[in-house]
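Structure first, then comments.
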Number of protein chains: 2
Amino acid sequence: MTSGTRSPQATTLERPALEDARDAIVDGIEREAMMTVFGRCTVDYDGRASSQLEAGDRHLMLKPDGAALVHTDEGQQPVNWQPPGCEHSVRCEDGALVIESVRSSPEERLAVSFELVLQVSTFAGSDPTELAVVGTEEDLRQRILEEPRLLEEGFTPLATERDTPAGAVDIYGEDATGRSVVVELKRRRVGPDAVSQLRRYVDALERDLHADASVRGVLVAPSVTDRADRLLARHGLEFVALEPTE
Amino acid sequence: MTSGTRSPQATTLERPALEDARDAIVDGIEREAMMTVFGRCTVDYDGRASSQLEAGDRHLMLKPDGAALVHTDEGQQPVNWQPPGCEHSVRCEDGALVIESVRSSPEERLAVSFELVLQVSTFAGSDPTELAVVGTEEDLRQRILEEPRLLEEGFTPLATERDTPAGAVDIYGEDATGRSVVVELKRRRVGPDAVSQLRRYVDALERDLHADASVRGVLVAPSVTDRADRLLARHGLEFVALEPTE
DNA sequence: TCCTTAATTTCGCAG
DNA sequence: CTGCGAAGTTAAGGA
């Protein structure tokens, strides 16, 4: 985290006066610490959309990269937030501690106004590691590239991310008879949207090759919904069941 | 929040022994409090995918609804998480404080193992309010339903969420000449995916009406990308520029 | 429960 | 910077 190799630190203020809370947060912003504030607050957001929250008890997290998160005790998602790249600022105003996170492009403003602060914490530490995830669409692609007959006997991959006027195709190749094949990969069960996407690529490629030879479209995923299955059939597209790993 | 109308509370342990941290968390889970733990930890996830994080300083939030969030000092998104509906559990093991959040359907497990705990906090309060957001696709729909000529002079909405074999159409109606119109709404600038979606609905509806009369497809959004614009033209679809509010 | 789509989606990558 | 599509997407609404 921000402090590099320094040993991790945490400081806490319990039930601080609003001015003391303000000073601690000003200091934390200066030191590029991660901070949390818990207390009774209202929240106003205005930007890509706009929203308002009346007084309630919530948990605010401020990150040194400019992100801000307002959490209640329910839900995985914050009830309000601001992405990284914002400027945090603090002030006391009309008996409230007002914390604002603002950015431009797009112009957005999040204001959390605390009438009561129960806790202010600052955290500093280091996180040198990277997250490694297994089971992604990329794993599925690697699986097919290493063993093309998982798609079908005689399939030969020719390119990945092949560009078409409709976007990049996951895998482009040829079947045993030399016919062009567009492969769309999904790491999990797919619905109609994935079929539309594949159809768009097949259409674009046929037009691109301006050939009479039609292009095969193959959707690779663990499974499909009924409606997606019917759409596949309607558009003459194919499906191969395959998981990203195993 | 959980404690209903009780006045909000926050308690803090600084640099607790792992056993004291464990006892505080067990108590917090029992009391259905929201809790946070900051310290040096490893994180393991296994479920829809799987991931691992080596030792680093991170902030864990446990919610009484079963959600768990692991944050570093960067990014709006947690580096690891678990959705609501999990069971949290705590134990000390091999000199570490191990906090597990587990759910079934799908079978998923998140384990955060702290070798050092700098702070444990518990929060209780109430959040009686609901978030009201303005500027959504629903707002755009209302705008057109209340003033159909924003789409075009003579347009008459006949149904919203009209079902087709390809899914539900945002707005279905007729133009001044009585021709069927499918309207797809987007609250912001759209790319090729929205065009595919609209085309899918138009195709499905033409087939549904099994009529020779072709169906018009109109995409309503603040703007379109170049590629989306070309796709619209290629498929004989139309575009109307409109914002969700104003 | 699954299906379908919106979202202040966020995130990452490429042009 | 915008465009484009993946994501352990999450969340909501309906069947």
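Note that the coordinates shown come from a computational prediction; the quantities given were computed from them, not determined experimentally. What you see below is based on every heavy atom in this structure, not just the backbone, and it leaves out hydrogens, waters and symmetry mates. Chain A is the first sequence line, chain B the second, and so forth, proteins listed ahead of strands; every chain is numbered from 1.
- In terms of the salt bridge (Lys or Arg N to Asp or Glu O under 4.0 Å) criterion, Lys63(B) has no residue partners (sequence neighbours excluded).
- Evaluation of the salt bridge (Lys or Arg N to Asp or Glu O under 4.0 Å) test over residues 190-199 of chain B, restricted to residues two or more places apart or in two chains, returns Asp203(A)-Arg199(B), Arg199(B)-Asp203(B).
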Distances under 3.5 Å between nitrogen or oxygen atoms of protein and nucleotides 12-14 of chain D:
none

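- At a non-hydrogen distance threshold of 4.0 Å, nothing from residues 232-246 of chain A comes into contact with DNA chain C.
- Here Ala67(A) lies out of heavy-atom contact (under 4.0 Å) with every strand.
- Atom P of nucleotide dA7(D) and atom CD of Glu138(A) are separated by 9 Å, given to the nearest angstrom.
- For Glu246(B), there are no salt bridge (Lys or Arg N to Asp or Glu O under 4.0 Å) partners two or more places apart in sequence or in a different chain.
- No side-chain donor from either of Arg58(B) and Thr42(B) sits under 3.5 Å from a side-chain acceptor of the other.
- Look at the P atom in both dC4(D) and dG8(D): the space between them is 23 Å, to the nearest Å.
- For Asp226(B) against dG3(D), no side-chain N or O and base N or O form a donor-acceptor pair under 3.5 Å.
- No donor-acceptor distance shorter than 3.5 angstrom exists from the side chain of Asp44(A) to the backbone of Ala111(A), with no hydrogens or angles considered.
- Put simply, CD on Gln142(A) is 16 Å from C1' on dA6(D), counting in whole angstrom units.
- Across all strands, Ala228(A) comes closer than 4.0 Å to no nucleic acid atom at all (heavy-atom distances).
- Here salt bridge (Lys or Arg N to Asp or Glu O under 4.0 Å) pairs that include residues 76-89 of chain A, with residues two or more places apart or in two chains, number zero.
- Of the candidate nucleotides dG8(D), dA6(C), dT8(C), dA6(C) has the atom lying nearest to any side-chain atom of Glu137(B).
- For Glu108(A), the salt bridge (Lys or Arg N to Asp or Glu O under 4.0 Å) test picks out Arg48(A), Arg103(A), with sequence neighbours left out.
- DNA chain C is contacted by both Val224(A) and Ser51(A); Val224(A) maps to the nucleotide lying nearer its 5′ end (nearest heavy atom per residue).
- Salt bridge Lys186(B)/Glu184(B): present, at least one basic N to carboxylate O contact under 4.0 Å.
- DNA chain D is contacted by Glu184(A), Lys186(A), Arg187(A), Arg188(A) of residues 181-196 of chain A, taking any non-hydrogen atom closer than 4.0 Å.
- Phosphate contact (OP1/OP2 of dT10(D), side-chain N/O of Trp81(B), threshold under 4.0 Å): present.
- The pair Glu243(B)-Arg143(B) does not meet the salt-bridge criterion, since no charged nitrogen lies less than 4.0 angstrom from a carboxylate oxygen.
- Comparing dT8(C) with dT4(C), their P atoms sit 23 Å apart, to the nearest whole Å.
- Applying the 4.0 Å criterion to OP1 and OP2 of dT4(C), one finds that Thr225(A) has a side-chain N or O inside that range.
- Rounded to whole angstrom, the span from the CZ atom of Arg48(B) across to the C1' atom of dA6(D) amounts to 14 Å.
- Nucleic acid contact class of Arg141(A) (heavy atoms, under 4.0 Å, all strands): none.
- Where Arg200(A) and Val133(A) meet DNA chain D, the nucleotide closest to each residue was compared, and Arg200(A) sits on the side nearer the 5' end.
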All N/O contacts under 3.5 Å from nucleotides 11-15 of chain C to the protein, with atom names and distances to one decimal?
residue, atom, partner, partner atom, Å
dC11(C), OP1, Gln76(B), N, 3.0
dC11(C), OP1, Gln77(B), N, 2.9

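- Here Ser50(A) lies out of heavy-atom contact (under 4.0 Å) with every strand.
- dT9(C) and dT5(C) are spaced 12 Å apart, taking the C1' atom of each and rounding to whole Å.
- Distance, Leu69(A) CG to dT10(D) P: 16 Å, rounded to whole Å.
- When the P atom of dT9(D) is taken as reference, atom CG of Leu110(B) falls 15 Å away, rounded to whole Å.
- The distance from atom CG of Leu231(A) to atom C1' of dT5(C) is 15 Å, rounded to the nearest whole Å.
- For Ala166(A), the side chain to side chain contact (heavy atoms under 4.5 Å, CB included) partners are Thr164(A), Arg200(A), Tyr201(A), Ala204(A), not counting sequence neighbours.
- No side-chain donor-acceptor contact under 3.5 Å links Arg109(B) to the backbone of Glu100(B).
- Applying the side-chain hydrogen bond (donor to acceptor under 3.5 Å, both in side chains) test to every pair with at least one member in residues 216-228 of chain B, sequence neighbours left out, gives these pairs: Glu152(B)-Arg216(B), Asp175(B)-Arg216(B), Arg189(B)-Ser223(B), Arg216(B)-Glu238(B).
- Protein atom OH of Tyr45(A) is 11 Å distant from nucleotide atom C1' of dT9(C), rounded to whole Å.
- Counting atom types as modelled, Gln197(A) pairs no side-chain N or O with a base atom of dG5(D) as donor and acceptor under 3.5 Å.
- Residue contacts shown for Arg103(A) are absent, as no nucleic acid heavy atom lies under 4.0 Å away.
- Note: CD (Gln82(B)) to C1' (dT10(D)) measures 13 Å, nearest angstrom.
- Comparing dC11(C) with dA11(D), their P atoms sit 15 Å apart, to the nearest whole Å.
- Contact of Asp46(A) with dT8(C) (side chain to base): no donor-acceptor pair of N or O atoms is detected under 3.5 Å.
- Contact of the Val218(B) side chain with the Phe155(B) side chain is not registered, since no non-hydrogen atoms from C-beta on lie closer than 4.5 Å.
- Here Arg227(B) does not reach the OP1 or OP2 of dG3(D): none of its side-chain N or O atoms lies under 4.0 Å away.
- Under 4.0 angstrom from either OP1 or OP2 of dT1(C) there lies at least one side-chain N or O belonging to Ser105(B).
- Applying the salt bridge (Lys or Arg N to Asp or Glu O under 4.0 Å) rule to Glu138(A) yields the partners Arg141(A); only residues at least two apart in sequence or on another chain are considered.
- Below 30°, between 30° and 60°, or above 60°: for Phe123(B) and His59(A) the angle between ring planes is above 60°, a perpendicular geometry.
- Looking at Asp170(B), its side chain does come within 3.5 Å of a backbone N or O of Leu185(B) through a donor-acceptor pair.
- At dT4(C), none of the side-chain N or O atoms of Tyr201(B) fall inside 4.0 Å of OP1 or OP2 (strictly under the cut-off).
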